[in-house]
Amino acid sequence: MYEPKTKETDNSVIEFLDLIENSKKREDAYKLLDIFTETTGYPAKMWGPSIIGFGTYHYRYDTGHEGDAPLAGFSPRKAKISLYFATGDTERAALLQKLGKHTSGKACVYVNKVADIDVDVLKELILQSVVFLKETYPTS
């Protein structure tokens, strides 16, 4: 049976952020912590060793694969900051066009620093992710 690699842990978000060596990246991580917490209304939780997630949803695919994941989140990686939003939402692409300097993959949006992006658009992306995932994977 498939076992998800990234699970919610009891590790301290603050301790994780305090270990970030680059002071500018650490400062941005604290800014993002405030933005995500305020926007989602959920407390920050560590998911795996390096993802800070907000809220949770349970997904189940037609293949039988299922698990839990955060509604939105971020990870202050060494190279870039990874932002995690819902995939599959058609509104995401339009918001990303207004976000500012970033690159994106299937599941992640990568930014160098918070100053490169429009924080109001970031908040819209976070809210859109939460709403989309709650509608797509409602709790029973």
Side-chain angles (χ1 to χ4, degrees):
M1 184 168 166
Y2 174 81
E3 188 68 29
K5 293 178 191 169
T6 306
K7 295 180 183 177
E8 186 177 325
T9 72
D10 290 328
N11 296 342
S12 167
V13 171
I14 300 302
E15 286 177 18
F16 170 71
L17 295 180
D18 284 344
L19 291 174
I20 298 171
E21 292 179 16
N22 181 304
S23 62
K24 292 202 183 300
K25 184 137 336 211
R26 185 172 53 252
E27 185 179 314
D28 272 355
Y30 273 104
K31 284 181 191 171
L32 289 170
L33 177 64
D34 289 343
I35 292 166
F36 274 80
T37 300
E38 178 184 305
T39 305
T40 66
Y42 292 104
K45 301 280 187 172
M46 290 302 301
W47 285 76
S50 62
I51 296 173
I52 300 166
F54 300 83
T56 185
Y57 71 99
H58 186 80
Y59 60 87
R60 180 172 299 141
Y61 300 134
D62 293 338
T63 61
H65 173 90
E66 65 180 294
D68 296 308
L71 294 166
F74 71 94
S75 181
R77 310 261 184 210
K78 281 195 182 215
K80 293 184 184 265
I81 299 168
S82 299
L83 305 173
Y84 300 96
F85 307 114
T87 58
D89 189 339
T90 55
E91 292 179 36
R92 178 179 155 160
L95 287 171
L96 286 176
Q97 288 182 348
K98 300 187 294 184
L99 181 62
K101 186 177 176 185
H102 75 281
T103 57
S104 59
K106 183 178 179 187
C108 299
V109 175
Y110 306 100
V111 299
N112 289 319
K113 57 190 179 226
V114 174
D116 287 343
I117 60 173
D118 183 324
V119 171
D120 290 331
V121 175
L122 172 61
K123 290 176 181 180
E124 287 182 65
L125 279 161
I126 294 167
L127 285 173
Q128 172 265 335
S129 182
V130 170
V131 169
F132 177 79
L133 289 170
K134 283 184 168 187
E135 288 175 354
T136 305
Y137 302 99
T139 55
S140 46

Check the hydrophobic clustering (I, L, V, M, F, W, Y; side-chain heavy atoms under 4.5 Å; chains of links allowed) and say if F16 and L83 are grouped together. yes
On a heavy-atom basis, the closest approach of M46 and P49 is CE-O, 3.5 Å
Same hydrophobic cluster for F54 and L127, using side-chain heavy-atom links shorter than 4.5 Å among ILVMFWY? no
Any idea which heavy atoms bring P70 and L133 closest together, and the distance? O-CD1, 4.3 Å
Please enumerate all residues that pass ring-ring contact (aromatic ring centres under 6.0 Å, His included) together with Y84, with sequence neighbours excluded. none
Over 12 non-hydrogen atoms of neighbours within 6.0 angstrom of NZ in K80: yes
Identify the two heavy atoms, one from L95 and one from V121, that lie closest to each other, and give their separation to 0.1 Å. O-CG1, 3.3 Å
Establish whether Y110 and L33 are linked, either directly or via other cluster members, by ILVMFWY side-chain heavy-atom contacts under 4.5 Å. no
Cluster overlap F85 with I35, hydrophobic side-chain contacts below 4.5 Å: yes
Donor-acceptor pair, side chain of H65 and main chain of R60, under 3.5 angstrom: no
Please report the shortest heavy-atom distance between L99 and L122, naming the atom on each side. CD1-N, 3.9 Å
Please state whether the rings of Y59 and Y57 are parallel, tilted or perpendicular, taking 30° and 60° as the class boundaries. tilted
Would a distance-only check, ignoring hydrogens and angles, find a side-chain to backbone donor-acceptor pair under 3.5 Å from K113 to K25? no
Any sub-3.5 Å donor-acceptor pair from R92's side-chain atoms to A86's backbone N or O? yes
Shortest non-hydrogen contact from G55 toward W47: O-CZ2, 4.2 Å
Do side-chain atoms of D118 reach the backbone of G100 as a donor and acceptor pair under 3.5 angstrom? no
Using a cut-off of 6.0 Å, state whether more than 12 heavy atoms not belonging to K31 lie near its atom NZ. yes
Nearest atoms (heavy-atom pairs only) where E66 meets H58: OE1-NE2, 2.6 Å
Cluster check V109, F36: I/L/V/M/F/W/Y, side chain < 4.5 angstrom: yes
